[in-house]
Every structure is written in structure tokens, then in C-alpha cells.
Enquirer: 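Following this message is one structure expressed as C-alpha cells.
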Amino acid sequence: MEVRVRYAPSPTGLQHIGGVRTALYNYFFARSMGGKFILRVEDTDRERYTEESLQDLYDTLSWLGIKWDEGPVVGGPCGPYIQSERLELYQKYAKKLVEDGRAYYCYCSPERLEKVRQEQIASKSEYQGYDRHCANLTAEERAELEKQGIKPVIRLKVPTTGKTTFHDVLMGDITRRNCDVSPDPILLKSDGYPTYHLANVIDDHLMGITHIMRAQEWIPSGPLHILLYQAFGWEPPVYCHLPMVKGKDGQKLSKRHGDTAVRDFRLKGYLPEAILNYVTLVGWSLDGQTEFFTKEELEKCFKLENIHVSSGTFDYKKLDWFNGQYIRMKSDEEIVELITPYLQKAGFISKDVSESERALMLRLAPSVKERMKVLSDVVPLSAFLFKDEPNQDKSAYIAKGMSEEQTAEAFKRGAEIILNNEKAGKPFSETESDIKKLAEDMGIKINGVFQPVRVAITASAVSLPLHDSIALLGLEETEKRINRALNLFN
């Protein structure tokens, strides 16, 4: 049997971390089993649907290097793969359920349904939901209602007795009493559009989906979907409900935890390799030790049994670490290509990069790639090279535990050592030894000397290594900036 899995998002918002992890798990499982990864667009929620969301779906998967075997754009034997283009199919199968006595037409108005709901709440009834008012209408009664121009919906007949069980790869058997399943849910709306449950089951069956890998929040829908499969007389696929992605606070990952839209991570300068690698590890591991995987390695080693049953925690600091590691794996030429858009956006280099600008970026690359967590970090780290805006805040020069008088003396003596050694062409290791001895003589920490020099040169206490900053800036410009800052203390 060929493994066929699908990623079926609704284009009502940007792709987020939880959704992307579902896509990755489906994709890697399909590849590891020699199967097919299918992309299906579930766009029946027309009120919230946006073209931007649809394009973001395509862009995100393409950026991550995830290619779908069947789906929109690429086509396939089970198309169309966009639900709004499959309406006739849903209508056909919904009507078949009515003909088979498994579903029925319902003519209840929204006002009546709301009244029933309020009465159930007021009476604190154990029975909550549709009261099956239209379940046993006669043909004559239906004809009369249709004469009035009422367009019905189609509801599933949910058994009122017995239980429904389905098996989950991670959770085992899950059983629910039929009386606890949402009573007679709508399958086809009066406008001819299907509800999620109907379209989902029909598409998974007709597209030959063998394994459904989706978030655990869909577990409550499992019994209803099984009842639908039974109503159609179809064999259900294998279920694997994936553990939730949580923030560090233990709550479901959401916007309040920060930027969870993948597009935001991309704009900040996270690499696709880092996102793909780290997100896969949020709820899955190969051996509990190995952390770094290429996409090609995951395509071979991903197994369902290695998915964790418990929820995974998304840690932004861990992602930053991963991203930093991947940045450092890049060649200097690759770094130049990656940082160019950020420097252009900041106005530091021209749209048509000149030879001198490229040469400067090549000199900058070895140093900056050791300091960046995300690519956008290049802007504050390298700003001193492109604009001369001295820091006039005297407190910025003063290291923790230092007084202004101590800082002035340490700055003056330290700057003299640094400039003299640079002019003499001495290695920076010797300069560091000299500064360390100065700090010991003054009874201060070494940062008490380095910080004012660093702020004088780069206007920031957080910068590239001092020696690299001097080399990039040039000795003449370095001396000018140091002297200007010394005057601040004089």
C-alpha cells in the first residue's frame, strides 16, 4: 500500500509554527515511506478566506523547500485540490446520504435554533444542541416548506445509542458515546457549501489518504468523522493526532507568545534550514541526542513512533541558537548574499551594489556571522561602518561598577595602548595582554577599559569584536572617533 498523506490548511490567516510543523511531519513521513505528500486547500470558509493567506501558504512551503507531489499549481489525478472547486462532489455525496437514510433535510431558521439554544441553557438541560426537529418530516411537510422558499441544510443522523471508537497511533483507542457526539451536525449548508466535516471526509477518501496526521485539538471530531465514514460505507484512514505546540509558559502557542507567523520569522532573518530543523524537533526526536538534521536526512529517518505523546515546547532562545549555528555554517559569499537585503533596507548600501560595497561586505562577513542570531542583527552590528553618529550619553561608556573618573582614566590609557599597538602592527593578542595588565594595575575589570573604547568606535556597548571593528573602520577613522569621545570626558 502506498502511503498518502495530506496537509490541508484553511487560507484564513498566515502560516504559523503549529501548522508548519503538521506539514513537516506529513511531508517527512511520506518521504521516509516512499509515499506521496498532497497539498489540499480547504477554502470553504469564504468569509475569512484571503488571497494573501493562500499565497503565503505557497510561499512558506516553497521557502522551506517542501514540494508537494499533488495539489494546487502542480495538479494530480485526484484534483481539483481546492475545495471551492469541488462543490458538486460534496452536494452529490450529501444527497446520497439523504437517499440512504443516513442524513436529512433541515428547514429550521437561525431564529428557531437560537431560541432552542437559549431554552436549553435556561433549563440547564443535559441535552445541548440541535433537537432533531426536522428528522422525521414527511414528504408533504418538506414540500410545503420548500414552497415557502426555504432552502434547507443537510444534517447527519447521529445514532443516539451505542459508542464509536477509533484508533490513534500515539493515543491508542479513543471511545466516545454517540449521545455525546454533536447531535445531527450540518453537513451541507443552504448555500451549497459543505461544512468542514463533510468536505474533509469526502476528500480524504477520494484522494486515497492512508494516514491523517493532524493536531490533537481535532480528537473530539474523530468519532464524528468515523460515523461519517460508516455512513458512506468507507474504510477510515489511520489516525495520528500530533501533540500540541506550547510556549514556555505551558500554554498553546499563540500570538501573545510573539511572532508565530512564519513570514515574520523569515523577515527577521531566520534561515529556512533552522526553522525546518528546530520545528521538527518540537515533539519529535530520533534518539534523544541528535539535534542537527538536514532536510534530506529527515526525509529518510522520520518515523511515527518517534513522535512524542506529550506536547512540545517552542523555545525562542533555542531557535535563536539553532539559527546562529546555521548562519556560522555559511560561507562568506553566502553571508554577503543573505545580509545584502537588510543593509539595503537600512539605506547602508545602494540598490545596485557597487564593487566597493561588496568588498566591504566580504570583509564584514567573517566577523558579523559570528555575532548574528538572525540576519537582521547585521544592521545594528554594522551601523558604525556606514554612519558616524557618536554616542553622546556619557553613561554608555561607563562599565558596571566604574565611576566617571575611573572610566576617563581607563579610557585614556587604554586608547593610547590600543592606538600605539595598532600603529606598530602588533597582534591584538598582545594588545589584550597590555589592557589586562592596565586593568590589574588600576584594580578594575578589563571591560572597564574596553567598553569606553568600543562605544567610542561603534557608538554601542554591544558590537563586533574590537579588533575587527578597528580593522573594518580603518586606523585613521578609529583614532578620530576615540579622540572625539575623549573630549566628552575632558
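Here the structure is a predicted model, which means the values were calculated and not measured.
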Enquirer: Identify whether NZ of Lys or CZ of Arg in R46 sits under 6.0 Å from the centre of the six-membered ring of Y49 and within 45° of that ring's axis.
Expert: yes
Enquirer: How about F292 and F322: are their ring centroids closer than 6.0 Å?
Expert: yes
Enquirer: Salt bridge (charged side-chain N to carboxylate O under 4.0 Å, His left out) for K295 and E299? Distances and angles first, verdict last.
Expert: CA-CA 6 Å; K295 181 166 74 74; E299 288 174 353; 3.2 Å; yes
Enquirer: Between S356 and S354, is there a side-chain donor-acceptor contact under 3.5 Å, judged purely by atom types and distance?
Expert: yes
Enquirer: Between F302 and Y25, is the gap from one ring center to the other below 6.0 Å?
Expert: yes
Enquirer: Whether the Y81 and E70 side chains hold a donor-acceptor pair (N or O, under 3.5 Å, no angle test) is what I'd like checked.
Expert: yes
Enquirer: Does the side chain of L343 reach to within under 4.5 Å of the side chain of E357, using non-hydrogen atoms?
Expert: no
Enquirer: Please name all residues satisfying side chain to side chain donor-acceptor pair (under 3.5 Å) with Y342, sequence neighbours left out, ordered by chain then number.
Expert: none
Enquirer: Can you tell me if S463 and S460 form a side-chain donor-acceptor pair at under 3.5 Å?
Expert: no
Enquirer: May I ask you to test the N323-K373 pair for a side-chain heavy-atom distance under 4.5 Å?
Expert: no
Enquirer: Ignoring hydrogens and angles, tell me if any N or O in the side chain of E430 forms a donor-acceptor pair with the backbone of P427 under 3.5 Å.
Expert: no
Enquirer: Which residue in the set R40, R214, R4 passes salt bridge (charged side-chain N to carboxylate O under 4.0 Å, His left out) when paired with D204?
Expert: R40
Enquirer: Can you tell if the side chain of N483 reaches within under 4.5 Å of the side chain of E479, non-hydrogen atoms only?
Expert: yes
Enquirer: Taking atom types as modelled, is there a side-chain donor on D352 or S350 under 3.5 Å from an acceptor on the other?
Expert: no
Enquirer: Kindly say whether the aromatic ring centers of W63 and F265 come within a distance under 6.0 Å.
Expert: no
Enquirer: Does F29 have its ring centroid less than 6.0 Å away from the ring centroid of Y27?
Expert: no
Enquirer: Strictly by ring-ring contact (aromatic ring centres under 6.0 Å, His included), give each pair with a member in residues 356-378 just once, sequence neighbours left out.
Expert: none
Enquirer: Side chains of D203 and Q83: any donor to acceptor distance under 3.5 Å?
Expert: yes
Enquirer: Does the Lys NZ or Arg CZ of K394 fall within the cation-pi geometry relative to F489 - under 6.0 Å from the ring centre and within 45° of the axis?
Expert: yes
Enquirer: With a 4.5 Å cut-off on side-chain heavy atoms, are F348 and L385 touching?
Expert: no
